[in-house]
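Everything below concerns the one structure shown next.
Heavy atoms only: backbone and side chains are in, while hydrogens, waters and symmetry mates are out. Model, not experiment: these values are computed from the prediction. Chain naming here is simple, since letters A, B, ... match the order of the sequence lines and numbering starts at 1 in each.
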Amino acid sequence: MIELKHGRRQWALLSPAVGLITFAAAGPLIIVLIYSVLQKGDYAGVIWNFSADAWFNVFLERDIFDDTVSIADAHLSIFMRSLKLAITATVMAFLVGFPTAYFIATRPARSRNIWLFLITIPFWTNLLIRTFAIMEIIRNEGVINTLLMASGIIEQPIQMLYTDFAITLGLLYVYLPLMVLPLYASIEKIDFRLVEAAYDLYGTRWKVLRRIVLPLVKPGIIAGSILVFIPALGAYVTPRVLGGGKNLMLGNLIEFQFGQGRNWPLGSALSITLLVLVMFALLFYVRNTTRSHAHG
Amino acid sequence: MFRKTLVSLAASLAFGYTATAQAAGELNIYNWGNYTNPALIEKFEKAHDVTVTLSDYDSNDTMLAKIKAGGHGYDIVVPSDYMVSIMIGEGLLMETKPNEMDNFSNMLPNFVDVYFDEGRNYSVPWQWGTTGVTVNTKTYSGDVDTWSVIFDPPEELKGKINVVPEMNDVINAALHYKGFPHCNSDKAQLKEINDMLLSAKEHWLSMEYGNVERFSNEDIHAGVNWNGASMRSRLQNDAIRYGYPKEGISTWADNVVVLADAKNTDNAKLFQNFIMDPENAAMISEFAKYANGISGSLAFLDPEFANAPEVVPPAHYETVFVPPCPQEVNELYTRIWTNLLK
Amino acid sequence: MAELSRAKSFDVRRQPGFTAVAILCFFMLYAPMVALVLYSFNAGQSIGTWEGFSWRWYESAINNREIQQATIRSLQVAGVATLVSTIAATMAALATTRTRPYRGMTFAFALINQPLMVPEIVTAVALLIFFAIIKGATGYTGMGYLLAAHAAFCIPFAYLPIRARLEDMDLTLEQAAADLYATPWQAFRRVTLPRLLPGILAGAMLAFVISLDDVVITLFVAGPGQETLPLYVIGQLRRIVTPEMNAVSTLFLLVSAILVTVFFLLSRRK
């Protein structure tokens, strides 16, 4: 009886969040699932007949020129590129974000807020604008190339813009605060008496970092990585602006199918595929967190 | 203290919504970004006591997706020629009969019987132009009137080319270059197009829409481009030239149409009539640097515009519209395009 | 505070090289912003070449009606979305941490985090179709859809820091409050909330930023007259980009900075 009442109160607390997300985020996804097994309409839209064409086309393709069936090479390379860039950006964000979050968390309480404040400020500018800002820095006539050329280090500008490097840098720049904030929240909670105890037991700095600090901030690492990886994997604006639109990422491919490609079922099927990819990543994370909880 | 702030913040925001009172008449226009002269809208609002709301899109297909889904709330959109015929076919447009409107007599005769709206029962011309090549002549002094600067670029231009990411524009240009027919479903020919595009892409720097600044800054030195955009670049950098490829070029024309489920039909029709007035049509062109289809509008424009090489093609140069291709062809194009961008 | 006094001889918190990386990180975050602000004062037409100091782009941005309206709308949408999502997220965080497992808790947790798992473009398309159906059925085409969509995808961003904070808070103080016959509400109001506030603020900040940033979902959900600043900017992408955009973003940055500062100062007040 008490159990039931308890559950009811929790659900009352949950209802605004759950209701809103069901209505305006999760629920409508069912439509995407349905659309992925419908026949595509002429000039966009769908025809309400069952069809597996879209799913066939995600993974396989009938060669336009000789009708043989093979693995969808174009889609596969776009999937691989998206994964590669998103993982690189996440790892880089961690490598830069962890020391930064640690640095902030170990400041005196008073200045800590100011540092946090400084981390969020660039993040308060619109994403498109920040992407343009990065563009200004790395373009051929941009700040970096101008400085390098003025100091005589290089003679020709280095082509950085419109490369995979530019996309990775853009993703890193744009999503870095999403890594730092949860990391900070975790590091701030560390009981440094544990660290002290480790030093008393003659741990080296590296060992203490690896064996004590990192396991303690694992929830923060996971939260931060999820927050960076997922938007990076489905990124649309950054690859379009900094990648020069020459090489698609998954987000662009999906948008293309709903736009110029006029193939909504294929777009839906690609979206579901992307979703499944993300779920696998999450499952991996969840399994790791539960294991660490069991130890703790 | 903190809670009070939140409450007052919420109150002021809620007030912000109710305070946006509307005038008697309304009109919701959905047009390409940075394509509409604000002065034109103001003039229309004053003349007819209407509050105009302007929203932006970045491609015909973004617009089509939104309109097809329904419940969009727009009255007027500005699709390109082939998109007008698709939208008519899909029953998305209202037959507003511009040909019976007061200012219809101002429409240039060759704009009346267009393939996408014979006799103008739905649409009114907004602006029109061509998709050709833009080249920086300081970088490359050779012949610019050819698609080869894009598809088989000279050494000077390699790695300095931007191609607008419009599937139809690019594939049509490639078909022109190879001398193949439009709306092509010949697999052998498409294979050639596919291979040519793939090897040409090696030499392209980017595939972007916004390129006016990038040409004048010499960030890019050649590209598939629209004439008005090219003219805007030239006005900032003398070295920029717009080339009319001898292999052929496509024309496009954007048109003002009223949606079948528009709520403010009367105001929408007023707007269609309004922009067929030469002075108003001139305001459109003055802003975006593309020609319109209204006779007498040049009288209100800078003479430099009327004679600009981007606006006036060389004598005897023929440009063609490419009508919408059958669905199977579009599918083949899409495959080539996805393959190009992989 | 014991460890602080010991720190003189051997700082257990120090990790070599971390400060350098942190400084580099701040530099990397700020260099593009500085360039952005600098070029907003460029007298020339183009973003690339410096042609002297001028206020002209500010004048043109401030007088641009589309920019005015889009900016106000962006702030309104972000404000409402932040308020709604932060409240919902705080409630949800209280219901999913430090509690006995109950039926459906895991499900609720997964659902709340759902917007993080789904790429924006997918949600955007789903919402386009779904809202169109509702619009057709109810005839309502107002701002509600955009606000609902924004509030929904902001919830997990507000939820994560709040939950992280809650999880790490120990229960003793609340138990003490309960022992002293405080009602659950009093215990929450007097004990939990003050200590949770940094988490809530971090959550609200994230939510605001995420709403302000959104391009893709807004692009598909926004109806006529609901254009936010990002939509205005992406519309510009196609045609021409002038330092006016830099001016707009500098102003936007200024407004945001003032907002954060206000929150920052408020959160330090007792």
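Looking at C/V84, the atoms closer than 4.5 Å to chain A (heavy atoms on both sides) all sit in the side chain, from C-beta outward. Looking at C/P115, the atoms closer than 4.5 Å to chain A (heavy atoms on both sides) all sit in the side chain, from C-beta outward. Both the backbone and the side chain of A/V18 come within less than 4.5 Å of a heavy atom in chain C. Of the two parts of C/L24, neither the backbone nor the side chain holds a non-hydrogen atom closer than 4.5 Å to a non-hydrogen atom of chain A. Heavy-atom distances place the side chain of C/V215, and not its backbone, under 4.5 Å from chain A. C/F131 touches chain A through its side chain: at least one heavy atom from C-beta onward sits under 4.5 Å away, while N, CA, C and O do not. Of the atoms belonging to A/F229, not a single heavy atom falls under 4.5 Å from chain C. For chain C, the nearby part of A/I137 is the side chain; its heavy atoms alone come within less than 4.5 Å. For A/I30, no part lies near chain C; criterion is any non-hydrogen pair under 4.5 Å. Heavy-atom distances place the side chain of A/L178, and not its backbone, under 4.5 Å from chain C. Both the backbone and the side chain of C/V21 come within contact range of chain A, judged by heavy atoms closer than 4.5 Å. Interface residue C/F26: only side-chain heavy atoms are found under 4.5 Å from chain A. Residue contact with chain C, scored on non-hydrogen atoms closer than 4.5 Å, involves the backbone and the side chain of A/Y173 alike. At a 4.5 Å heavy-atom cutoff, the contact between A/M279 and chain C is made by side-chain atoms alone. Of the two parts of A/L270, neither the backbone nor the side chain holds a non-hydrogen atom closer than 4.5 Å to a non-hydrogen atom of chain C. Contact of C/L160 with chain A is made through the side chain alone, with heavy-atom distances under 4.5 Å. The parts of C/L111 that come within reach of chain A are both its backbone and its side chain, each placing non-hydrogen atoms under 4.5 angstrom from that chain. In this structure, no portion of A/I272 lies under 4.5 Å from any heavy atom of chain C. There is no contact between A/A235 and chain C, counting heavy-atom distances below 4.5 Å. Heavy atoms closer than 4.5 Å to chain A are found in the side chain of C/A35, but not in its backbone.
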A/I187 and A/I190: CA distance, side-chain angles, deciding distance, side-chain contact (heavy atoms from CB on, under 4.5 Å) verdict: CA-CA 5 Å; A/I187 297 170; A/I190 292 178; 4.1 Å; yes
side-chain contact (heavy atoms from CB on, under 4.5 Å) between C/F208 and C/L75: does it pass, once the steps are laid out? CA-CA 9 Å; C/F208 192 87; C/L75 291 174; 4.1 Å; yes
Stepwise, does the side-chain contact (heavy atoms from CB on, under 4.5 Å) test hold for A/Y199 with A/R205? CA-CA 8 Å; A/Y199 282 123; A/R205 288 209 188 265; 3.5 Å; yes
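Considering every non-hydrogen atom in both A/W11 and C/G104, the closest pair reads CZ2-O, 3.6 Å. Between A/A133 and C/L36, the shortest heavy-atom distance links the atoms CB-CD1, 4.1 Å. Between C/I134 and A/F23, the shortest heavy-atom distance links the atoms CD1-CE1, 3.6 Å. Taking all atoms of both residues into account, the shortest heavy-atom contact from A/A25 to A/L29 is O-CG, 3.5 Å. Taking both residues in full, the closest heavy atoms of C/L94 and A/Q10 are given as O-OE1, 4.0 Å, listed atom of the first, atom of the second, then distance. The shortest non-hydrogen separation linking C/P32 to C/L29 is CD-O, 3.8 Å.
No other option in A/S271, A/P177, A/A105, A/A12 has as many heavy-atom pairs under 4.5 Å with chain C as A/S271. In terms of heavy-atom pairs under 4.5 angstrom with chain C, the leader among A/W206, A/F258, A/Y102, A/W264 is A/Y102. Contact count against chain A (heavy-atom pairs under 4.5 Å) is highest for C/Y30 among C/Y159, C/F153, C/Y30. Per-residue heavy-atom pair counts under 4.5 Å with chain C were compared for A/L118, A/L181, A/L176, and the maximum is reached by A/L118. Contact count versus chain A (heavy atoms, under 4.5 Å) is highest, among C/T123, C/V221, C/L127, C/T90, for C/L127. Your options are C/A89, C/P161, C/A108, C/A164, and the one with the most heavy-atom pairs under 4.5 Å with chain A is C/A108. Annotation: maximal heavy-atom pairing with chain C below 4.5 Å, among A/I226, A/L227, A/V195, A/L116, occurs at A/L227. Chain C forms more heavy-atom pairs under 4.5 Å with one residue of A/V278, A/V96, A/L209, A/L274 than with any other, namely A/L209. Listed options A/A17, A/S15, A/P16 were ranked by heavy-atom pairs under 4.5 angstrom with chain C; first place goes to A/A17.
One N or O on the side chain of C/T250 and one on the backbone of C/N246 form a donor-acceptor pair closer than 3.5 Å. Proximity of a side-chain donor or acceptor of C/R165 to a complementary backbone N or O of C/L196 within less than 3.5 Å is not detected. Although no hydrogens or angles enter the test, the distance criterion places no donor-acceptor pair under 3.5 Å between the side chain of A/N113 and the main chain of A/A109. Between the C/S40 side chain and the C/V37 main chain, a donor and an acceptor come within less than 3.5 Å of each other.
Between the side chains of C/Y232 and C/S74, no donor-acceptor pair of N or O atoms lies under 3.5 Å. A donor-acceptor pair shorter than 3.5 Å cannot be found between the side chains of C/S85 and C/H150.
Close placement of the C/F18 and A/F98 rings is indicated, their centers lying within 6.0 Å of each other. Checked against the 6.0 Å centroid threshold, A/Y184 and A/F103 do not count as a close aromatic pair.
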